[in-house]
Amino acid sequence: MISLNIEKTLGFISKENVFAYEAQVKAAQEALENGTGKGNDFLGWLHLPSSITKEHLADLKATAQTLRDNCEVVVVAGIGGSYLGARAVIEALSNSFTWLQDKKTAPVILYAGHNIGEDYLYELTEYLKDKKFGVINISKSGTTTETALAFRLLKKQCEDQRGKDMAKKVIVAITDAKKGAARVTADNEGYKSFIIPDNVGGRFSVLTPVGLLPIAIAGFDIEKLVAGAVAMEKACGKDVPFAENPAAIYAATRNELYKNGKKIEILVNYNPKLHYVSEWWKQLYGESEGKENKGIFPAAVDFSTDLHSMGQWIQEGERTIYETVISVEKTQHSLQVPSDEANLDGLNFLAGKHVDEVNKMAELGTQLAHVDGGVPNMRIVIPALNEESIGGLLYFFEIACGISGYILGVNPFNQPGVEAYKKNMFALLNKPGYEEESKAIQARL
Ligand code: PA5
């Protein structure tokens, strides 16, 4: 379903050294499987794909249908792992332009709660003024300020515009089973709610209702998405031999590159629809591995767009980077370059070629140039942008992340560093309970 090629890293590291990780990978896989490693209370994602039931998917699809029937727009309120997975899949699978048309087959999906931009929220609420809209309030903790603030605004607007009864129908909560303000509100207001399992952390939650509900509302087949992930769960299982397990090879190769001074991994795509897959990936690897003063810095570029900006740095800047290219084998549509008799633009040498042939040559040419420039390259090929492939790709990155984090020696499933800014922000905003911190921070200003 996906293939991984590390050949173009081998001028920089040796195959032998990559394969020398076999025992460490095995140990990481055993620790994940047996729950004996760090963060072992957050391993619910490991066999999540194969444990999703038909009934659960039917429940999600029924709720999605209610929102599809009653909303022109659905706002997904969430931040980090509580929105990036849904956005990654929806943008990868959506037509880039039909959402601009008047006749829509599915509600427009918009996002909020992932920033505190006053202008963003003002403009969103203005846009929603004449729309039949619904909201999915997604927060595992139920207390994340960015999301709670956006939801407070959206809940009031939805109730004011659509009435309490309709608001109850089109507001859904996805949160903890028992704790957090989002749970209290959902129970008090009688919203339909879904639970984020205790043992699944935000950035590993795309295959829970966190990702699946918005994806289903957007009109995509969540059964196929899950089927793709199930296939990848098998392909990357602990009993698959090291050499045949793409997640094992990816985890080993990136750790070997890191050991050899390649501190930055740039995820590259040649399809603008994959932009948010890269954003999701950045969060997955950044929050999982960047700790204890260690970890590869995950960066991303969209080519060929960014070849005209970051391309220079990548070709000739500091040699601490490597690239992982996601290549999509087959396009969804066919478009050929027309012939032009006058040939004023000199492009007749491309006449009759598919646009994707040009794109693929840009990809190949760039890979060769970057390798020549001292940038090791890995290549992940997926067959197409469809539900199965994307489901498989997401699970591949999750399992590789768990293995890679354990090889690095960190707990890939916590994010203690995220708390530092929150503490300061709450102290500065005089949040009740932060009186001591408020005094201390005032003294520093
Ligand atoms: O991966 C994570 O755990 C985080 O990125 C969270 O998803 C993010 O901070 C949002 O948290 P919550 O869902 O509790 O609002």
Side-chain angles (χ1 to χ4, degrees), residues 38-46 48 75-89 111-116 121 135-155 171-186 191 193-215 276-291 295 298 300 394-395 397-402 404-405 410-426 431:
K38 291 178 184 171
N40 55 5
D41 43 349
F42 281 98
L43 295 173
W45 56 273
L46 188 63
L48 184 63
V75 184
V76 174
I79 193 166
S82 285
Y83 100 105
L84 279 167
R87 191 165 194 174
V89 177
Y111 303 88
H114 59 296
N115 63 49
I116 326 176
L121 286 168
V135 188
I136 317 177
N137 185 28
I138 311 180
S139 178
K140 185 168 183 198
S141 63
T143 55
T144 299
T145 312
E146 288 88 339
T147 306
L149 194 157
F151 183 64
R152 177 181 277 217
L153 288 165
L154 293 167
K155 172 180 186 288
I171 296 179
V172 177
I174 306 178
T175 187
D176 188 83
K178 297 194 188 79
K179 43 180 207 299
R183 168 53 56 202
V184 174
T185 308
Y191 298 149
S193 69
F194 290 94
I195 292 166
I196 308 174
D198 274 348
N199 59 358
V200 180
R203 57 190 174 276
F204 289 84
S205 69
V206 57
L207 296 171
T208 73
V210 170
L212 297 179
L213 182 63
I215 293 165
Y276 271 92
V277 168
S278 297
E279 292 301 308
W280 171 86
W281 171 89
K282 268 160 54 182
Q283 192 227 354
L284 179 65
Y285 280 81
E287 267 192 348
S288 298
E289 293 196 318
K291 47 197 72 157
L394 298 180
Y395 185 82
F397 278 133
E398 287 183 351
I399 181 72
C401 183
S404 182
V410 298
N411 175 356
F413 309 116
N414 66 2
Q415 54 283 331
V418 179
E419 296 309 312
Y421 97 90
K422 290 186 195 165
K423 204 177 84 186
N424 288 345
M425 179 175 78
F426 294 150
K431 183 174 176 173

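Values below: every heavy atom of this structure, side chains too, minus hydrogens, waters and symmetry copies. First listed ligand is number 1; within each ligand, the first listed atom is number 1. Here the structure is a predicted model, which is why all the values come from computation and not from measurement.
At the top of the distance list for atom 3 (O) of ligand 1, counting protein heavy atoms only, stands G202 N, 3.5 Å.
Distance check: D198 CG to D41 CG gives 9.5 Å after rounding to the nearest 0.5 Å. The distance from atom CZ of F194 to atom CD1 of I138, rounded to the nearest 0.5 Å, is 11.0 Å. Once rounded to the nearest 0.5 Å, the distance linking CD of Q283 with CZ of R203 reads 6.5 Å. A distance of 11.5 Å separates CZ in R152 from OG1 in T145, rounded to the nearest 0.5 Å.
No heavy atom of E146 sits closer than 4.0 Å to any atom of ligand 1. Proximity of T147 to ligand 1 is not established, as no heavy-atom distance is less than 4.0 Å.
Remark: ligand 1 atoms within the under-4.0 Å shell around heavy atoms of E287 are 1 (O), 2 (C), 4 (C), 5 (O). Ligand-side atoms of ligand 1 in range of S141: 12 (P), 14 (O), 15 (O), range being under 4.0 angstrom from any heavy atom. Close approach of ligand 1 to I79 (heavy-atom distance below 4.0 Å) involves ligand atoms 7 (O), 8 (C), 10 (C). Residue-ligand proximity, T144 to ligand 1, at heavy-atom distances under 4.0 Å covers atoms 11 (O), 12 (P), 14 (O), 15 (O). Close contacts between ligand 1 and Q283 involve ligand atoms 1 (O), 2 (C), 4 (C), 5 (O) [criterion: under 4.0 Å to a heavy atom]. Interface atoms of ligand 1 facing S82, defined by a heavy-atom separation under 4.0 Å, are 7 (O), 12 (P), 13 (O). Less than 4.0 angstrom separates some heavy atom of R203 from each of these atoms of ligand 1: 1 (O), 2 (C), 3 (O). Listed by atom number, the atoms of ligand 1 under 4.0 Å from Q415 heavy atoms are 3 (O).
Of the protein's heavy atoms, at least one falls inside 4.0 Å of atom 11 (O) of ligand 1.
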Check step by step if side chain to side chain contact (heavy atoms under 4.5 Å, CB included) holds for T175 and T185. CA-CA 11 Å; T175 187; T185 308; over 6 Å; no

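Side-chain N/O atoms of K155 and N137 include no donor and acceptor closer than 3.5 Å.
Note on ring orientation: taking the six-membered ring where Trp is involved, the planes of Y395 and W45 are tilted (angle from 30° to 60°).
In this structure, K423 places its NZ atom where only 12 or fewer heavy-atom neighbours from other residues, nucleotides or ligands lie under 6.0 Å away.
The shortest N/O to N/O separation between I138 and ligand 1 does not fall below 3.5 Å.
The residue among G286, G113, G81 with a heavy atom at the shortest distance from atom 7 (O) of ligand 1 is G81.
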Give every donor-acceptor pair under 3.5 Å between a side-chain atom in residues 81-88 and any protein atom, sequence neighbours left out.
| from | atom 1 | to | atom 2 | distance (Å) |
| --- | --- | --- | --- | --- |
| R87 | NE | E91 | OE2 | 3.1 |
| R87 | NH1 | Y276 | OH | 3.4 |

